Q: 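Right, I'll just put the structure down here and ask away after.
Because the structure is predicted, anything quoted here is derived from the model rather than measured. The figures that follow rest on heavy atoms only: side chains count, while hydrogens, waters and symmetry mates do not. As the structure lists them, so they are numbered: ligands from 1, and atoms in each ligand from 1.
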Amino acid sequence: MLVDLDYFFAQCEELRNPLIKDKPVVVGMYSGRTEDSGAVSTANYIARGYGVKSGIPLFLAKKRLEGVESVFLPVNYEYYETVSREIMQIFRSHADAFEQVGIDEAYLDVTQRANGDFDAAKEIAKRIKAEVSNSIRISFSAGIGPNKLIAKIACDVQKPDGLTVITPREVKNFLQPLPVDRLLGVGRKTAAKMEGLGMRTVGDLAKFDVQKLIAVFGRNLGIYFHNAANGVNDEPVQETGEAESISRIATLKENTRDLVIILDKSSQLAADLHRELAEKKLWFRHVGIVAILTNLTIRSRSKTLDSPSNDLETINRVVRELFERFLAESDLDVRRVGIKVASFVKVERSQRQLTKFFVSK
Ligand code: DCP
Ligand code: CA
Ligand code: CA
């Protein structure tokens, strides 16, 4: 089963302010340069009715909603993560194996508890829907299929609050008419290439000679495309662990090479990032920076610490060191700055390690 929370960021905003529910709600990533610069993160379904969707510029969204009483809000990622964490806990409790993908999506292996029966799996989905709706008041869509690939595509069939089941017998008819780009891994370029070879639908791809596919796309991709088009996919639902890194990024008010301005922004990011570290009780061994330059190239630098740390001063000190070195090596202005910490150690463990370290010395 693949579950995907409906219009997630916007639904979270409706959750904490139900009064906005009847209006178009647009959540935007404001770049901070001018009042309306930035892009739409997501929008509720009322706003989508006016052609507002993820990725379009905010000024365009404003234009499409001209004269309509609507609500524009900035992204509040931390809040959405709290909501997501609570829901994911519920999802996890209903699965034999659980794999979260991104903030609003997860795969649930329910094979065992449904006894391999698709009607039983559908009942499980209904129970989860009721529980999430009663306790958190958030809706989601679910797709159920014989494997992850089918579940994911099935989930997109009906939204919001959808529930679509594709049994093994239905797989072929379900996939055949879909355009090739509905398969994970088929982007615009690949789709164009396939179209050039006479494949427009997944059915066309399924019938296409696998050796020819391999000749065009290479062995791994060729076989993957062939299998996917035939509904064959045996990737297991993989239990997900802790995040591997935590990062923050922001746009500077102006393009600059001024260390003071850059450090001013990065220390704000560091403070915010450090709050998350403290909350998750994580120690880190790795600090990094990224700089996105005026020509939009991305540069990064990082440093591994001698011993794990959990303090804000360390982050700021290393970030300063890295930016000083970076600016000495590059002569372009910086447009966006980001910081990252990684190689985590859980606090309980690192304290024990540190204690051991002191005792043995
Ligand atoms: N998101 C974003 N920018 C994008 C796409 C998505 O910031 N270009 C964020 C906002 C979304 C969240 O990720 O709420 C989840 O993305 P989805 O693609 O699942 O889209 P939604 O949940 O918003 O809508 P849907 O109901 O179609 O799932
Ligand atoms: Ca979603
Ligand atoms: Ca999603």
Q: Could you tell me the residue and atom name of the protein heavy atom closest to atom 8 (N) of ligand 1, and the distance to it rounded to 0.1 Å?
A: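 Atom 8 (N) of ligand 1 sits closest to the protein heavy atom Ser54 CB, 3.6 Å.
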Q: Any atoms of ligand 1 less than 4.0 Å from a non-hydrogen atom of Phe8? List them with their elements.
A: 14 (O), 21 (P), 22 (O), 23 (O)
Q: Between Lys129 and Asp161, is a salt bridge (charged side-chain N to carboxylate O under 4.0 Å, His left out) present by the stated rule, with each step listed?
A: CA-CA 9 Å; Lys129 271 174 180 279; Asp161 200 18; 2.9 Å; yes
Q: Suppose I only count heavy atoms of Tyr7 and a 4.0 Å limit; which atoms of ligand 1 are within that range?
A: 21 (P), 22 (O), 23 (O), 24 (O), 25 (P), 26 (O)
Q: Which of these, Val75, Asp104, Val40, has its nearest heavy atom closest to atom 16 (O) of ligand 1?
A: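 The option holding the nearest heavy atom is Asp104.
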Q: Should Asn44 and Glu14 be marked as a side-chain hydrogen bond (donor to acceptor under 3.5 Å, both in side chains) after you check the CA-CA gap, both sets of side-chain angles, and the distance that decides it?
A: CA-CA 9 Å; Asn44 68 359; Glu14 291 181 354; 3.0 Å; yes
Q: Using 4.0 Å as the upper bound for N to carboxylate O, is an ion pair formed by Glu123 and Lys126?
A: yes
Q: Which of the numbered atoms in ligand 1 are below 4.0 angstrom from a heavy atom of Arg48?
A: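 Numbered from 1, ligand 1 contributes 21 (P), 23 (O), 24 (O), 25 (P), 26 (O), 27 (O).
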Q: Could you tell me the residue and atom name of the protein heavy atom closest to atom 6 (C) of ligand 1, and the distance to it rounded to 0.1 Å?
A: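 Going atom by atom, the protein heavy atom closest to atom 6 (C) of ligand 1 ends up being Ser41 O, 3.7 Å.
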Q: Quick one: look up the protein heavy atom nearest atom 13 (O) of ligand 1 and list residue, atom name and how far away it is.
A: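 Answer, as residue, atom name and distance: Phe9 CZ, 4.0 Å.
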Q: Pull out every atom of ligand 1 sitting under 4.0 Å from any heavy atom of Leu5, numbered as shown with elements.
A: 22 (O), 28 (O)
Q: Centre of Phe344's six-membered ring, under 6.0 Å away, within 45 degrees of the axis: is that where NZ or CZ of Arg285 sits?
A: no
Q: Mark up the atoms of ligand 1 that fall under 4.0 Å of a heavy atom belonging to Tyr45, in ascending order.
A: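 Matching atoms, with element in brackets: 25 (P), 26 (O), 27 (O).
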Q: Using modelled atom types and a 3.5 Å cut-off, is there a donor and acceptor pairing between side-chain atoms of Ser54 and backbone atoms of Ser41?
A: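 Side chain of Ser54 to backbone of Ser41: a pair is present.
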Q: Can you check whether Ile261 reaches Glu254 side chain to side chain, under 4.5 Å on heavy atoms?
A: yes
Q: Counting the benzene-type ring for Trp, do Tyr107 and Phe98 have ring centres under 6.0 Å apart?
A: no
Q: Would the Tyr80 and Phe9 ring centres measure less than 6.0 Å apart?
A: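 Between Tyr80 and Phe9, the centre distance is under 6.0 Å.
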Q: Is it the case that the ring center of Phe208 lies less than 6.0 angstrom away from the ring center of Phe225?
A: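 Between Phe208 and Phe225, which both carry aromatic rings, the centre distance is not below 6.0 Å.
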Q: Should Val337 and Val290 count as side-chain neighbours, where that means a heavy-atom distance under 4.5 Å?
A: no
Q: If only atom types and distance count, is the side chain of Asp117 paired as donor or acceptor with the main-chain N or O of Ala114 below 3.5 Å?
A: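 Side chain of Asp117 to backbone of Ala114: no pair is present.
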Q: Measure from atom 21 (P) of ligand 1 to the protein's non-hydrogen atoms and state whether any distance is below 4.0 Å.
A: yes
Q: So if I count the atoms of ligand 1 from 1 in the order they appear, which ones are less than 4.0 Å from some heavy atom of Lys159?
A: 25 (P), 27 (O), 28 (O)
Q: Tell me, which protein N/O/S atoms are under 3.0 Å away from the Ca ion (ligand 3)?
A: Asp4 OD2, Asp104 OD1, Glu105 OE1
